[in-house]
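Below is one structure; the comments refer to it alone.
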Amino acid sequence: MSDFFSPLEEDDVRRTRQDEDEERLAKEALDAVGDRARVFALWNEETRSAIERGALNPSTLVVATTPWACGLVFDTVEAGALSLRPMGAITVAGVSARGVAASGTIGREDPVGTLFRVDGEGASDERAACVLTVNHDVPADRAREYAETLCSSVAAAHVVVITAVDESALDDAEGDGPARFRCFAALAGGGGGDDSTLGDDDASPLPAGVLLDGLAAAIAARREMTGRRATVLAVPTPGG
């Protein structure tokens with residue numbers, strides 16, 4: 001009697017072989033790249049000129065590091081009297097920029113990292129706020145390079161990073177309501193004091209044991225190293 005071989009098992013074997021092939025090709029690609037840059041800034045002509053002249057210094061740069069945060073940015077803009085003007089993109093090797101650097105429009109669902117200037121009443125080009133919506137995953141080993149590329153290009157007076165933490169990691173130790181319903185803040189650079197834009201009632205510090213990671217932590221660390229102001233707003237969400 002011959003052994004029975006299920007078509008489902010055959011499909012599992014085929015997928016396993018495909019995954020192994022993809023991993024092998026990815027490893028070969030990384031080996032070929034070596035120590036060369038794997039984070040790339042793709043600016044339009046206006047933005048590139050401003051960077052070369054040292055004139056890209058907005059009063060505030062808002063960085064949305066998760067799809068949820070990006071959606072919040074777009075919802076806020078749509079609800080107000082402001083508009084976002086694309087300035088270019090920062091992309092990571094293996095993530096398509098879809099020509100956004102030269103495009104006049106970008107969809108809110110497009111998986112790219114796009115830098116916008118906030119246009120609206122009273123906003124001048126020199127000091128107008130900017131927004132970076134990072135609507136894709138930045139690999140952990142590229143977060144530091146990404147933060148360096150961003151901070152060396154956009155010399156913002158204050159950076160606000162909107163990110164998420166896993167709500168299941170929060171413990172309501174204070175007993176005054178579920179911690180997962182709060183917004184938490186961490187400050188970098190500037191030292192707080194008169195420079196801080198957060199009041200005592202605006203947000204609570206991150207509880208002990210809850211750590212920032214990825215791009216949010218890399219940007220905050222970069223700003224701390226250079227003595228520049230940064231505020232990280234962490235919103236509890238399922239799975240972080």
Side-chain angles (χ1 to χ4, degrees), residues 15-43 61-74 86-101 103 106-116 130-154 156 159-169 184 186 188 206 210-226 230-240:
R15 286 201 303 267
T16 300
R17 289 175 178 170
Q18 181 178 350
D19 291 342
E20 291 175 348
D21 288 341
E22 291 178 352
E23 290 178 3
R24 176 180 56 79
L25 291 174
K27 184 178 184 304
E28 291 176 357
L30 290 176
D31 291 341
V33 169
D35 293 331
R36 286 180 288 178
R38 299 176 196 174
V39 176
F40 310 94
L42 306 172
W43 307 125
L61 169 64
V62 178
V63 184
T65 64
T66 67
W68 180 89
C70 294
L72 177 63
V73 168
F74 287 117
M87 304 173 66
I90 299 178
T91 189
V92 179
V95 177
S96 172
R98 294 192 178 182
V100 68
S103 173
I106 182 68
R108 61 183 295 163
E109 301 299 331
D110 289 343
V112 295
T114 314
L115 180 69
F116 298 94
C130 292
V131 176
L132 177 67
T133 54
V134 187
N135 203 21
H136 63 84
D137 290 333
V138 175
D141 60 342
R142 293 289 152 258
R144 180 178 178 182
E145 186 178 351
Y146 197 108
E148 183 177 357
T149 300
L150 172 63
C151 293
S152 62
S153 301
V154 185
V159 172
V160 179
V161 181
I162 306 175
T163 189
V165 292
D166 189 351
E167 64 181 13
S168 65
F184 299 93
L206 280 170
V210 178
L211 302 178
L212 291 173
D213 60 1
L215 185 56
I219 294 175
R222 183 72 184 177
R223 298 287 290 189
E224 184 73 39
M225 288 172 57
T226 57
T231 301
V232 178
L233 296 178
V235 181
T237 61

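Everything numeric in this text was worked out from a predicted model, so none of it was measured.
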Just to verify, which of V138, L150, V161 counts as forming a side-chain contact (heavy atoms from CB on, under 4.5 Å) with L215?
V138

Heavy-atom closest pair, residues V39 and E145:
N-OE2, 3.2 Å

Any residue meeting side chain to side chain donor-acceptor pair (under 3.5 Å) with T163, in chain and number order, not counting sequence neighbours
T65

In the structure I gave you, are the side-chain heavy atoms of C151 and T226 within less than 4.5 Å of one another anywhere?
no

With heavy-atom distances below 4.5 Å as the criterion, would you say the side chains of I90 and W43 are in contact?
yes

Atom of A218, atom of A143 and distance for their closest heavy-atom approach:
CB-O, 3.5 Å

Just so I know, are the side chains of F116 and V73 near enough to count as touching, which here means a heavy-atom distance under 4.5 Å?
no

Gap between atom CZ of R142 and atom OG1 of T91 - 0.5 Å precision
12.5 Å

Report the residues that fulfil side chain to side chain contact (heavy atoms under 4.5 Å, CB included) with A69, sequence neighbours left out, ordered by chain and then residue number.
A64, T66, I162

Work out which heavy atom in L132 is nearest to a heavy atom in G113; give both atom names and the distance.
CD1-C, 4.1 Å

What's the spacing between D141 CG and Y146 OH if we round to 0.5 Å?
14.5 Å

When rounded to the nearest 0.5 angstrom, what distance separates OG1 in T114 from CG in L42?
10.5 Å

